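What you see is a predicted model, and the numbers here were worked out from it, not measured in a lab.
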Amino acid sequence: MRILAIDMGTGTQDILLFDSEKSVENCVKMVMPSATEIAARRIRHATRDHAAVVLTGVVAGGGPCSWALEDHIRHGLPAFATPEAARTFNDNLDEVRASGVTIVSEDEALSIDGEPVELRDLDLEAVRGALAAFDEPVMFDGLALGCLDHGDAPADISDRLFRFDHLRRTVEGRNDLLAFARRAEDLEPYLTRASAMCRSALGEGNVAFMDTGPAAALGALHDETVAEGGEQVVLNLGNMHLLAFHLRGRQIASLYEHHTGEVTADQVVAFTTALANGTLTNAEIFDSKGHGAYHADRALVTPALPAMVAATGPQRVKIRSTVLRPYFAAPFGDMMIGGCFGLLRAYAEAFPASADAITARLGPLP
């Protein structure tokens with residue numbers, strides 16, 4: 001069984017081609033620039049060439065490509081986008097127009113003289129090209145995909161609140177990291193980015209999805225040192241988002257989500273300590289430009305920071321020298337691919353027929 005797992009972040013896309021005939025250590029792994037970073041580079045090429053940029057494709061991750069587009073417009077250069085591509089930057093197309101982007105139809109986009117940039121989080125053609133370059137078979141039995149989706153929030157609701165309400169409702173429905181696992185066809189309709197990513201995989205076999213934050217936490221539990229204590233705080237410090245879980249195995253005592261670039265190391269220490277103590281409030285996080293905090297099960301809380309504070313993600317160095325004394329989780333010896341192990345577990349949850357093959361290589365569920 002061959003399952004392609006792709007964890008799409010802001011700075012990188014982390015790729016694992018799981019092959020049940022191989023040990024995990026011998027499976028193909030790649031850490032490549034993220035889709036939004038690739039799009040940003042192409043927009044900057046247009047800016048340097050003083051050319052118009054023509055954005056097509058689907059809803060995808062923002063961040064770097066949004067900043068590149070803003071810079072392009074500041075230079076007085078024209079920018080065009082089809083409606084679905086434009087929703088990468090804002091679900092409200094009037095806001096996109098107000099930023100200086102001209103919304104055009106798919107047919108109109110084809111006739112505009114400019115630098116074409118296709119937005120999409122999943123580029124299977126590129127992945128297959130990389131695999132083929134090393135004589136690796138390019139067919140898969142299924143895909144396990146992950147990204148962070150704020151969701152299509154109503155106009156009067158903050159994107160941060162809307163996303164965190166999604167996290168909270170999921171945990172309220174079932175207190176298990178695996179509750180975030182979905183078949184592509186079962187995704188909530190407001191998760192427009194996730195849906196677009198999964199649609200790009202149509203015809204490629206079964207497709208499972210899991211939010212990249214819970215996937216990272218679940219992946220970290222595959223580090224035996226993290227899992228052995230039975231209680232842990234897992235901090236995933238991505239390039240854009242910080243998601244913290246206080247766990248007992250896969251059960252969630254509490255969680256908070258913030259923006260990695262909006263918090264100091266001292267704030268992370270304070271928020272994480274309060275999370276473990278059961279005293280962190282939603283207002284503390286939201287009012288400091290974060291998403292929110294939620295105590296899911298106070299019966300799981302002990303009034304102290306657990307002995308195991310695990311950190312993962314490309315910005316984990318931010319808390320290296322703090323009193324949290326974080327353990328840098330490296331499941332199967334590889335921190336950057338950790339989220340992919342969570343995605344594989346999500347695939348097994350969504351498609352139980354695959355569970356035995358995945359468990360045979362990853363071991364029993366944490």
Answer yes if V58 and L145 sit in the same cluster of Ile, Leu, Val, Met, Phe, Trp and Tyr residues linked by side chain heavy atoms under 4.5 Å apart, and no otherwise.
no
Minimum heavy-atom distance F89-S66, with the two atoms named:
CD2-OG, 3.3 Å
Single hit among H45, R41, R42 for side chain to side chain contact (heavy atoms under 4.5 Å, CB included) with V117
R42
Mind running side-chain contact (heavy atoms from CB on, under 4.5 Å) on L362 and V24 for me, showing each step along the way?
CA-CA 7 Å; L362 300 190; V24 172; 3.7 Å; yes
Is it the case that S34 and E37 place a side-chain donor and acceptor less than 3.5 Å from each other?
no
Indicate, with yes or no, if M139 and I3 share a hydrophobic cluster defined by side-chain heavy-atom contacts under 4.5 Å among Ile, Leu, Val, Met, Phe, Trp and Tyr.
no
Mind checking whether E349 and L365 have side chains closer than 4.5 Å, heavy atoms only?
no
Determine whether a donor-acceptor pair (N or O, by modelled atom type, separation under 3.5 Å) exists between the side chain of N175 and the backbone of Q251.
no
Check the surroundings of atom CD in E125: do more than 12 heavy atoms from other residues, nucleotides or ligands lie under 6.0 Å from it?
no
Decide whether L178 and F245 are clustered together by the hydrophobic rule: side chain heavy atoms of Ile, Leu, Val, Met, Phe, Trp, Tyr closer than 4.5 Å, transitively.
yes
Closest non-hydrogen atoms of T88 and C65, given as atom of the first, atom of the second and distance, are CG2-SG, 4.1 Å
All heavy atoms of T36 vs all of G63, minimum pair found to be OG1-C, 4.3 Å
Centroid separation Y294 to Y256 less than 6.0 Å
no
Could you walk me through whether M335 and F328 pass the side-chain contact (heavy atoms from CB on, under 4.5 Å) test, one step at a time?
CA-CA 8 Å; M335 185 279 298; F328 284 180; over 6 Å; no
Would you tabulate the side-chain donor-acceptor contacts of residues 8-18 under 3.5 Å, counting partners in other chains and residues two or more places apart, or write 'none'?
residue, atom, partner, partner atom, Å
T12, OG1, D14, OD1, 2.9
Q13, NE2, P33, O, 2.9

Between H246 and Q232, does any side-chain donor sit less than 3.5 Å from a side-chain acceptor?
no
Could you tell me whether the side chain of H72 and the main chain of A79 form a donor-acceptor pair under 3.5 Å?
no
Under the side-chain hydrogen bond (donor to acceptor under 3.5 Å, both in side chains) criterion, do T281 and E284 qualify, and how do the steps go?
CA-CA 5 Å; T281 67; E284 284 180 87; 3.2 Å; yes
F286 six-ring face occupied by R160 cation (under 6.0 Å, within 45°):
yes
Starting from L218, can I reach F332 by hopping between I/L/V/M/F/W/Y residues whose side chains sit under 4.5 Å apart?
no
Would a single hydrophobic cluster contain both L305 and L242, if residues Ile, Leu, Val, Met, Phe, Trp and Tyr are joined by side-chain heavy-atom contacts under 4.5 Å?
yes
When the aromatic ring centroids of H259 and H291 are compared, is their separation below 6.0 Å?
yes
Set of ring pair (Phe, Tyr, Trp, His ring centres under 6.0 Å) partners for Y190, sequence neighbours left out
F162, H166
Short N-O contact, E136 and K22, less than 4.0 angstrom
yes
Are the side chains of R325 and V309 in touch, meaning some heavy atoms are under 4.5 Å apart?
no
How far apart are the C-alpha atoms of M210 and R345, what are their side-chain angles, what is the distance that settles it, and do they pass the side-chain contact (heavy atoms from CB on, under 4.5 Å) test?
CA-CA 9 Å; M210 184 181 238; R345 295 295 192 181; over 6 Å; no
As a test of understanding, state which of L191, D186, T192 forms a side chain to side chain contact (heavy atoms under 4.5 Å, CB included) with E188.
L191
Could you tell me which non-hydrogen atom of I6 sits nearest to which non-hydrogen atom of M197, and how far apart they are?
O-CE, 4.2 Å
Looking at every non-hydrogen atom in both residues, tell me the closest pair between A350 and A208 and how far apart they are.
CB-CB, 4.0 Å
Is a side-chain donor-acceptor pair under 3.5 Å present for H241 with T260?
no
Against S288, only a single residue in E262, Q267, H258 fulfils side-chain hydrogen bond (donor to acceptor under 3.5 Å, both in side chains); can you say which?
H258
Taking atom types as modelled, find out whether D356 and T359 have a side-chain donor-acceptor pair closer than 3.5 angstrom.
no
